[in-house]
2 protein chains.
Amino acid sequence: MSRKRFLDTECPVARALDQVGDWWSLRIVLQAMYGTRRFVDFQQQLGIAKNILCDRLSRLVEHDVLRKEDVGEHGSRYEYRLTEKGRDLFTVVVALRQWGDKWIPTEFPPLDLRDRENGAPIQAVRVLAGDGRALDVRDVFTQVDERQNTGS
Amino acid sequence: MSRKRFLDTECPVARALDQVGDWWSLRIVLQAMYGTRRFVDFQQQLGIAKNILCDRLSRLVEHDVLRKEDVGEHGSRYEYRLTEKGRDLFTVVVALRQWGDKWIPTEFPPLDLRDRENGAPIQAVRVLAGDGRALDVRDVFTQVDERQNTGS
DNA sequence: TTAATTCGGTTTCAAAATGCAACTCTATTC
DNA sequence: GAATAGAGTTGCATTTTGAAACCGAATTAA
């Protein structure tokens with residue numbers, strides 16, 4: 001059987017993971033956020049096999065996370081660039097990064113992100129209530145109404 | 001060759017993805033956040049094969065994202081519960097959920113999360129500067145200092 | 001008090017997915 | 001004019017995944 005996909009589920013997390021939840025996609029998006037645009041650069045920086053990279057890039061383009069642009073006069077040179085949808089994964093990536101820094105420390109010092117405006121460190125990403133209180137998983141519930149709570 | 005892992009990289013995102021970046025782990029964590037604790041329930045709610053579930057649960061326990069608790073008198077009934085590290089993935093999950101709701105809409109209405117305190121919807125998760133401005137991927141840079149920027 | 005069922009797995013086996021190396025086909029550079 | 005680089009394919013071996021069968025302990029049903 002083929003790998004399970006989660007295209008039409010009611011659960012938005014599952015739908016999101018369906019598009020970027022495989023082993024490589026988010027890493028590719030991350031590299032793109034660092035400015036990588038060329039096939040070879042993705043390949044070298046990530047150490048990913050070319051056929052897999054090819055497949056992932058196509059999938060990301062298909063899902064409108066990346067856009068493939070033809071640079072160079074008559075074909076054969078391309079750039080993969082983030083779309084708005086792709087750029088909007090920034091929050092997810094930063095949340096993951098902060099989680100990694102907090103819970104999987106290494107010998108390396110945490111490479112913190114800084115505000116380009118003034119060089120100051122950014123805040124920790126948090127889930128906030130309407131009134132600005134920081135919320136924990138136990139402080140929220142899902143509006144499930146009459147439908148039964150399958151997934152999501 | 002076996003699947004590439006990213007255990008000791010300088011990049012915290014890669015380290016995070018190494019622990020929860022496979023096809024199932026974040027889904028399991030999500031279910032756990034919805035209150036699922038038993039093997040069979042994970043299995044049925046996710047539609048995951050038992051051997052894979054078994055493997056993923058062990059990995060998550062090994063990485064201290066879940067804790068395996070022995071309930072029932074002398075073994076043979078267990079519960080998998082989120083640790084603090086696991087609960088702290090809440091931000092990541094909510095960010096993903098909001099991204100999914102925004103960019104991959106379906107016939108289902110977005111199932112919004114609400115504040116248990118007062119039933120009000122929560123805010124969109126955002127990356128904020130020290131002074132509270134919302135930041136985009138282009139508004140930040142990484143403190144890379146003298147080391148070369150490999151990965152991260 | 002057996003018998004059936006549930007829980008939490010392990011085993012087996014076929015079908016993907018992955019990684020690697022070699023190869024291709026344009027351009028561009030030496 | 002030959003060599004190299006970019007962006008992929010193709011073929012093949014290894015891993016991972018998924019489905020279904022099986023298993024042993026404990027719990028429930030008859």
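Naming convention: chains lettered A, B, ... in sequence-line order (proteins, then strands); numbering from 1 in each chain. Quick note: numbers below take in every heavy atom, side chains included, and nothing from hydrogens, waters or symmetry partners. Owing to the predicted nature of the structure, the values given are computational and were not obtained by experimental measurement.
Remark on the helix from dT1(C)-dA30(D) to dC30(C)-dG1(D): inter-end axis angle 10°, axes from five-pair C1' superpositions, rounded to 10°.
At the phosphate of dG18(D), OP1 or OP2 sits under 4.0 Å from a side-chain N or O atom of W24(B). Distances shown here put every side-chain N or O of R3(B) at or beyond 4.0 Å from the OP1 or OP2 atom of dT14(D).
When the P atom of dC20(C) is taken as reference, atom CG of D55(A) falls 16 Å away, rounded to whole Å. Residue L53(B) contributes atom CG, which lies 13 Å from atom C1' of dT10(C) at whole-angstrom precision. The CD1 atom of I52(B) sits 18 Å away from the P atom of dG8(C) (whole-angstrom rounding). As rounded to whole Å, 12 Å separates atom C1' of dC7(C) from atom CG of D70(B). Counting to the nearest Å, the P atom of dT16(D) and the NZ atom of K4(B) are 14 Å from each other. Whole-Å rounding puts the F6(B) CZ to dT18(C) C1' distance at 13 Å. Distance I48(A) CD1 to dC20(C) P: 10 Å, rounded to the nearest Å. Note: CG (D22(A)) to P (dT17(D)) measures 12 Å, nearest angstrom.
Nearest heavy-atom pair across A134(A) and L128(A) is CA-CD2, 3.8 Å. F108(B) and E10(A) make their closest contact through CD1-CA, 3.4 Å (heavy atoms, listed as atom of the first residue, atom of the second, distance). Minimum heavy-atom separation, W99(A) to A16(B): CE3-CB, 3.7 Å.
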Kindly list each side-chain donor-acceptor pair under 3.5 angstrom involving residues 23-30 of chain A, sequence neighbours excluded, with atom names and distances?
residue, atom, partner, partner atom, Å
W23(A), NE1, K4(B), O, 2.9
S25(A), OG, D22(A), OD1, 2.3
R27(A), NE, W23(A), O, 2.9
R27(A), NH2, W23(A), O, 2.9

Distance-only donor-acceptor hits, side chain of residues 80-94 of chain A, under 3.5 Å, sequence neighbours excluded:
residue, atom, partner, partner atom, Å
Y80(A), OH, K68(A), NZ, 3.4
T83(A), OG1, D64(A), O, 2.6
T83(A), OG1, V65(A), O, 3.0
T83(A), OG1, K85(A), N, 3.3
T83(A), OG1, G86(A), N, 3.1
K85(A), NZ, Q19(A), OE1, 2.8
K85(A), NZ, H63(A), O, 2.8
D88(A), OD2, K102(B), NZ, 3.1
D88(A), OD2, W103(B), NE1, 2.7

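A side-chain donor-acceptor contact under 3.5 Å links D18(B) to the backbone of F6(B). Side-chain atoms of Q98(B) come within 3.5 Å of backbone atoms of V125(B) as a donor-acceptor pair (strictly under, hydrogens ignored).
Shown here are the side-chain hydrogen bond (donor to acceptor under 3.5 Å, both in side chains) partners of D136(A), two or more places apart in sequence or in another chain: R138(A).
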Sugar-phosphate or base contact per nucleotide [nucleotides 6-12 of chain D; S, B, -; heavy atom under 4.0 Å]: SBBSBB-
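Among pairs with a residue in residues 121-132 of chain B, those fulfilling side chain to side chain donor-acceptor pair (under 3.5 Å) read D131(B)-R133(B), at least two apart in sequence or across chains.
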